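Inspection log for the structure reproduced underneath, given as structure tokens.
Keep in mind the model is a prediction, meaning the values are calculated, not measured. Throughout, numbering of the chain's residues begins at 1 and tracks the sequence. Atoms within a ligand are numbered from 1 in the order they appear, just like the ligands themselves.
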Amino acid sequence: MQIAIDGPAGAGKSTVARQVALRLGYLYIDTGAMYRALTYQVILDAVDPNNEEAVYSVLQQLDLRLVPVKQANNVSCCVFIGDNEVTEQIRKPIVSQLVSAVSSHYKVRKEMVKLQQELAKSQDVVMDGRDITTTVLPDAELKIYLNASVEERAKRRLLELKSKGHPVELDDLITQINQRDRLDSTRKVSPLRKAEDAVEIDTTMLTIDQVVERILALAVRRENRV
Ligand code: DC
């Protein structure tokens, strides 16, 4: 089964997707991490994130690997560029600020979608991102659109960044999230939008466990239908 999860920044996609993958024994694929890793390399190479050809050329040289990690109570994706692990570096605020520009280019997305479809081939996966339900896995058995209020999403990001020692202000995060939402949902190539057949879950007032249980219940129903 393929479970595809889309939604805006900070809606809880990756936390929820990892728990769902753990409970079902599926592979978890974090597609945002792929765009972040490319952005990280774009920054290192001092390439203009708005220059499609230059960014595409970085992607062509990029030896990107997602390595699944399974622990007793969590699954995650470690990200490598060549032999260097960049799992933590790609979460830095500078990467978050530039990733929308990098991921807006047609040639970049075409290549990334191909890689993602290859990863999801012939195995049970939970994949999260912005265009998974609409473009990458349009035939996924279960499609989820996770959403939450901007304030709640900014609060969650604040806790996450502070726990990692990044000094940030809530108001700045609200501004950045609003800007990223606008860029991600208005870009020309596969913008973030809810697929018609996706189940929308507003996570503002829900705990992670509640969201996970809802998705698992939907997965069981879909499985029984197959
Ligand atoms: O989920 P995230 O915040 O790690 O994603 C980082 C950025 O990557 C997000 O702002 C938009 C882009 N992205 C995308 O365009 N398509 C995806 N499938 C996943 C992420």
Side-chain angles (χ1 to χ4, degrees), residues 2-18 21 28-43 49-50 52 55-56 58-59 62 64 66 76-79 86-120 125-138 140 143-148 150 153-154 156-158 160-161 164 166 168 173-195 198 203:
Q2 294 177 329
I3 301 181
I5 305 180
D6 283 328
K13 296 184 301 293
S14 67
T15 310
V16 165
R18 287 201 308 251
Y28 165 59
I29 302 171
D30 176 357
T31 63
M34 298 170 75
Y35 290 100
R36 284 175 178 274
L38 173 61
T39 305
Y40 181 68
Q41 191 64 50
V42 161
I43 295 167
N50 294 302
E52 174 158 12
V55 172
Y56 181 62
V58 175
L59 177 57
L62 194 71
L64 172 66
L66 292 188
S76 57
C77 257
C78 280
V79 186
V86 295
T87 314
E88 286 301 318
Q89 287 92 320
I90 63 170
R91 304 281 153 202
K92 286 189 174 168
I94 180 68
V95 175
S96 302
Q97 278 161 35
L98 298 179
V99 66
S100 289
V102 165
S103 61
S104 68
H105 303 302
Y106 172 77
K107 285 174 115 176
V108 168
R109 300 202 68 84
K110 199 170 162 213
E111 196 59 33
M112 286 293 199
V113 168
K114 213 162 37 166
L115 286 171
Q116 291 155 4
Q117 288 172 335
E118 199 58 39
L119 287 172
V125 291
V126 180
M127 189 180 269
D128 76 337
R130 302 290 190 288
D131 60 344
I132 311 305
T133 57
T134 55
T135 309
V136 180
L137 303 176
K143 299 181 184 181
I144 304 288
Y145 188 85
L146 281 193
N147 213 341
V150 173
R153 290 189 281 132
R156 291 175 188 170
R157 254 310 124 90
L158 185 78
E160 186 189 330
L161 288 170
K164 290 180 183 165
H166 298 298
V168 277
L173 282 177
I174 291 178
T175 309
Q176 284 168 23
I177 287 182
N178 270 326
Q179 188 188 8
R180 200 133 70 91
D181 282 358
R182 190 176 46 75
L183 290 171
D184 291 343
S185 55
T186 58
R187 69 173 173 232
K188 287 203 190 82
V189 194
S190 43
L192 169 68
R193 66 176 175 83
K194 180 187 160 305
T203 70

So, are Asp181 and Arg153 salt-bridged, with charged N and O less than 4.0 Å apart?
yes

How long is the straight-line distance from CD of Gln176 back to OG of Ser96, given to the nearest 0.5 Å?
7.5 Å

Enumerate the residue pairs fulfilling salt bridge (Lys or Arg N to Asp or Glu O under 4.0 Å) with a member in residues 94-112, sequence neighbours excluded, ordered by first and then second residue.
Glu53-Lys107, Arg109-Asp131, Glu111-Lys114

Sequence neighbours excluded, which residues qualify as side-chain hydrogen bond (donor to acceptor under 3.5 Å, both in side chains) partners of Gln97?
none

Run the salt-bridge test on Arg130 and Asp6 with the 4.0 Å N-O cut-off and return the result as yes or no.
no

Determine which pairs satisfy salt bridge (Lys or Arg N to Asp or Glu O under 4.0 Å) with at least one residue from residues 86-99, sequence neighbours left out, and list them in order.
Asp30-Arg91

Could you pull out the N/O contacts under 3.5 angstrom between ligand 1 and the surrounding protein atoms?
unit_1, atom_1, unit_2, atom_2, d
ligand 1, 1 (O), Arg130, NH1, 3.0
ligand 1, 3 (O), Arg36, NH2, 3.2
ligand 1, 3 (O), Arg130, NH2, 3.3
ligand 1, 3 (O), Arg180, NH1, 3.1
ligand 1, 4 (O), Arg36, NE, 2.7
ligand 1, 10 (O), Arg180, NH1, 2.7
ligand 1, 10 (O), Asp184, OD2, 2.9
ligand 1, 15 (O), Arg109, NH1, 2.7
ligand 1, 15 (O), Arg109, NH2, 3.3
ligand 1, 15 (O), Arg187, NH1, 2.9
ligand 1, 15 (O), Arg187, NH2, 3.2
ligand 1, 16 (N), Arg109, NH2, 3.0
ligand 1, 18 (N), Thr31, OG1, 3.0
ligand 1, 18 (N), Arg130, N, 3.1
ligand 1, 18 (N), Asp131, OD1, 2.8

